[in-house]
J.: 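A single structure is presented below for examination.
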Amino acid sequence: MASAAAEFSGVSKAFTARGDAPAIENFDLRIEEGEFVCLLGPSGCGKTTALTLLAGFDRPSSGSVLHRGRPVAGPAADRGVVFQGDDSLMPWLTATENLLLGPRIRRVPLGEQRAIAERLLALVGLVGHGDKYPRELSGGMKQRIQIARVLANEPDMLLMDEPFAALDAQTRTHMQDELVRIWSEARPAVLFITHDVHEALILADRVVVMRAGPRSAVRTAFNVEAPRPRDRSDPRIAAAYGEIQRVMAEEFRRARQ
Ligand SMILES: Nc1ncnc2c1ncn2[C@@H]1O[C@H](COP(=O)(O)OP(=O)(O)OP(=O)(O)O)[C@@H](O)[C@H]1O
Ligand SMILES: [Mg+2]
């Protein structure tokens with residue numbers, strides 16, 4: 001079988017300092033090349049833990065995490081990561097300089113860098129703000145620059161942890177549509193964490209729901225059959241919404257027990 005974009009096999013992760021039970025245990029998930037997967041589950045079930053392992057910021061306690069068939073050994077630009085409320089912009093660089101960090105390191109010619117900056121600033125709706133420093137940008141604007149910075153690296157895998165949670169509703173809808181458009185063009189594999197079932201159904205090929213933790217793993221997965229671009233009022237979306245919501249409500253109750 002061809003290697004997947006990413007594969008978790010029997011992964012457990014225990015944060016042992018307080019003697020807690022493993023956050024995830026025997027976690028299995030395969031993400032195909034070019035596939036868009038949304039990960040849902042009650043707060044604290046281990047979604048960020050799983051994404052962090054694939055990003056390479058932490059190691060599993062047992063089991064294997066592969067990127068394109070190779071064990072993940074650490075972070076790399078080919079796996080672009082966007083965390084919620086992450087504030088990793090360099091304060092001494094402008095928005096444009098921040099988003100061009102990757103292309104500069106790769107020594108992309110200057111003319112091309114200008115074109116990348118223009119395209120990505122337009123994409124995230126920040127034309128005219130490129131010369132501002134992070135302290136001069138709002139929280140949502142900084143978040144969008146971080147997304148643009150990751151996209152500038154043209155990663156083959158995008159790892160996004162509630163990347164739109166801090167955005168206003170209009171910008172969020174726009175960013176969802178734009179993300180689908182970028183994904184259809186570049187076809188990176190995507191692991192996208194959200195609490196918003198509608199967001200998952202607009203974005204994903206497959207919606208994966210985790211069980212309440214500890215010792216969490218995948219409970220079930222839904223293939224989203226509706227064609228793209230998706231219509232938020234498509235009856236297939238509404239039907240899937242009901243089904244996923246029912247499973248989520250069960251896990252939410254278990255998380256509270
Ligand atoms: N660095 C850490 N040290 C100790 N425990 C941790 C650490 N990171 C996560 N945990 C624990 O692991 C469990 C899963 O946390 P995680 O952040 O993965 O949840 P999540 O599903 O992303 O939740 P949310 O939806 O609230 O973001 C929680 O019980 C949490 O307390
Ligand atoms: Mg999380």
Side-chain angles (χ1 to χ4, degrees), residues 6-31 36-65 67 72-75 79-88 139-140 142-143 146-147 150 157-167 172 175-176 179 190-204 206-222 241 244-257:
E7 190 162 20
F8 296 82
S9 309
V11 171
S12 299
K13 178 66 190 178
F15 299 100
T16 44
R18 294 176 200 277
D20 290 345
I24 56 175
E25 192 170 74
N26 267 316
F27 179 86
D28 292 319
L29 178 65
R30 186 183 156 98
I31 303 170
F36 200 131
V37 171
C38 278
L39 192 58
L40 295 170
S43 177
C45 75
K47 301 178 296 296
T48 299
T49 299
L51 182 136
T52 303
L53 296 176
L54 182 52
F57 294 126
D58 205 349
R59 298 289 176 89
S61 308
S62 59
S64 77
V65 183
H67 173 232
V72 169
R79 274 163 284 130
V81 186
V82 181
F83 283 114
Q84 171 186 7
D86 175 9
D87 197 1
S88 60
K142 282 191 276 197
Q143 184 74 357
Q146 289 180 141
I147 293 168
V150 163
M157 174 119 223
L158 267 177
L159 306 175
M160 307 182 95
D161 193 349
E162 303 187 47
F164 303 155
L167 303 178
R172 185 169 183 156
M175 292 295 291
Q176 289 165 354
L179 179 60
V190 185
L191 181 60
F192 185 108
I193 296 175
T194 179
H195 282 284
D196 180 338
V197 178
H198 266 130
E199 178 167 78
L201 287 167
I202 290 300
L203 298 175
R206 192 154 52 103
V207 177
V208 173
V209 182
M210 287 176 71
R211 291 196 310 259
R215 305 182 191 283
S216 180
V218 171
R219 167 171 167 170
T220 184
F222 301 82
Y241 180 86
I244 296 172
Q245 200 57 47
R246 188 181 55 72
V247 174
M248 293 275 290
E250 267 179 39
E251 291 305 324
F252 181 78
R253 274 196 300 277
R254 288 192 43 216
R256 295 271 152 153
Q257 277 166 12

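For ligands, and for the atoms within them, numbers begin at 1 and follow the listed sequence. Nothing fancy with the numbering, it's 1 onward along the sequence. These numbers come from the heavy atoms of this one structure, side chains and all, not from hydrogens, waters or symmetry mates.
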J.: Would you check whether A23 has a nitrogen or oxygen atom less than 3.5 angstrom from a nitrogen or oxygen atom of ligand 1?
T.: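 Not met; the criterion fails.
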
J.: Identify, for atom 16 (P) of ligand 1, the protein heavy atom at the shortest distance, and state residue, atom and that distance.
T.: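 Nearest neighbour among protein heavy atoms for atom 16 (P) of ligand 1, to 0.1 Å: T49 OG1, 3.6 Å.
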
J.: Should R18 be listed as contacting ligand 1, given a heavy-atom distance under 4.0 Å as the test?
T.: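 False for this residue.
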
J.: Taking the side chain from Q176 and the backbone from I202, do they hold a donor-acceptor pair closer than 3.5 Å?
T.: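 Pair absent, no side-chain N/O of Q176 close to backbone of I202.
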
J.: Out of curiosity, is C45 lining ligand 1, as in a heavy atom under 4.0 Å away?
T.: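 It does; at least one heavy atom falls under 4.0 Å.
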
J.: Any N/O/S atom, backbone or side chain, of T48 lying under 2.8 Å from the Mg ion (ligand 2)?
T.: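 A backbone or side-chain N, O or S atom of T48 is under 2.8 Å from the Mg ion (ligand 2).
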
J.: Count the heavy atoms belonging to other residues, nucleotides or ligands that lie under 6.0 Å from CZ of F252, then report whether that count exceeds 12.
T.: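 No - once you tally the heavy atoms of other residues, nucleotides and ligands closer than 6.0 Å, there are 12 at most.
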
J.: Could you measure the distance from the CZ atom of F192 to the CG atom of D161? Nearest 0.5 Å is fine.
T.: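 Atom-to-atom, F192:CZ and D161:CG are 9.5 Å apart.
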
J.: Looking at R219, R211, K47, which hits salt bridge (charged side-chain N to carboxylate O under 4.0 Å, His left out) with E251?
T.: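 The salt bridge (charged side-chain N to carboxylate O under 4.0 Å, His left out) with E251 is passed solely by R219 among R219, R211, K47.
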
J.: When only distance counts, is G41 in polar contact with ligand 1, meaning an N/O pair under 3.5 Å?
T.: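 So ligand 1 has no N or O lying under 3.5 Å from an N or O of G41.
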
J.: Looking only at protein heavy atoms, identify the closest one to atom 27 (O) of ligand 1 and say how far it is in Å.
T.: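 Ranked first by proximity to atom 27 (O) of ligand 1 is E162 OE2, 3.7 Å.
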
J.: Would you give the length of the straight line joining atom CZ of F27 to atom CG of L53, rounded to the nearest 0.5 angstrom?
T.: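 If I round to the nearest 0.5 Å, the distance is 9.0 Å.
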
J.: What protein heavy atom lies closest to atom 22 (O) of ligand 1? Include the residue and the distance to one decimal.
T.: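 Checked against all protein heavy atoms, atom 22 (O) of ligand 1 sits closest to T48 OG1, 2.8 Å.
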
J.: Got a protein heavy atom sitting under 4.0 Å from atom 6 (C) of ligand 1?
T.: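 Yes, at least one protein heavy atom sits under 4.0 Å from atom 6 (C) of ligand 1.
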
J.: Students should be able to answer this: which protein heavy-atom is nearest to atom 26 (O) of ligand 1, and at what distance?
T.: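 Looking only at protein heavy atoms, the one closest to atom 26 (O) of ligand 1 is S43 OG, 2.6 Å.
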
J.: With distance as the sole criterion, is a donor-acceptor pair present between the side chains of E199 and T194 under 3.5 Å?
T.: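 Per modelled atom types, E199 and T194 side chains form a pair under 3.5 Å.
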
J.: Please check this pair: side chain of D58 against backbone of T52, looking for a donor-acceptor N/O pair closer than 3.5 Å.
T.: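 Side chain of D58 to backbone of T52, a donor-acceptor pair under 3.5 Å: no, none is there.
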
J.: Give a yes or no answer on whether the side chain of R206 reaches the backbone of F222 with a donor-acceptor pair at less than 3.5 Å.
T.: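 Looks like no, no N/O pair under 3.5 Å.
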
J.: For atom 29 (O) of ligand 1, what is the nearest protein heavy atom, given as residue, atom name and distance?
T.: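 Going atom by atom, the protein heavy atom closest to atom 29 (O) of ligand 1 ends up being G44 O, 3.9 Å.
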
J.: Give the residue and atom name of whichever protein heavy atom lies nearest to atom 8 (N) of ligand 1, and the separation in Å to one decimal.
T.: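 Looking at atom 8 (N) of ligand 1, the protein heavy atom closest to it is F15 CZ, 3.4 Å.
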
J.: Salt bridge check: are R246 and E250 linked by an N-O gap of less than 4.0 Å?
T.: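 Salt bridge flag = yes for E250 with R246.
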
J.: Does atom 31 (O) of ligand 1 have a protein non-hydrogen atom under 4.0 Å from it?
T.: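 No; the ligand atom in question lacks any protein heavy-atom contact below 4.0 Å.
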
J.: So is M210 touching ligand 1 or not, going by heavy atoms under 4.0 Å?
T.: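 No, that is not the case, since the closest heavy atom of the residue is not under 4.0 Å from the ligand.
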
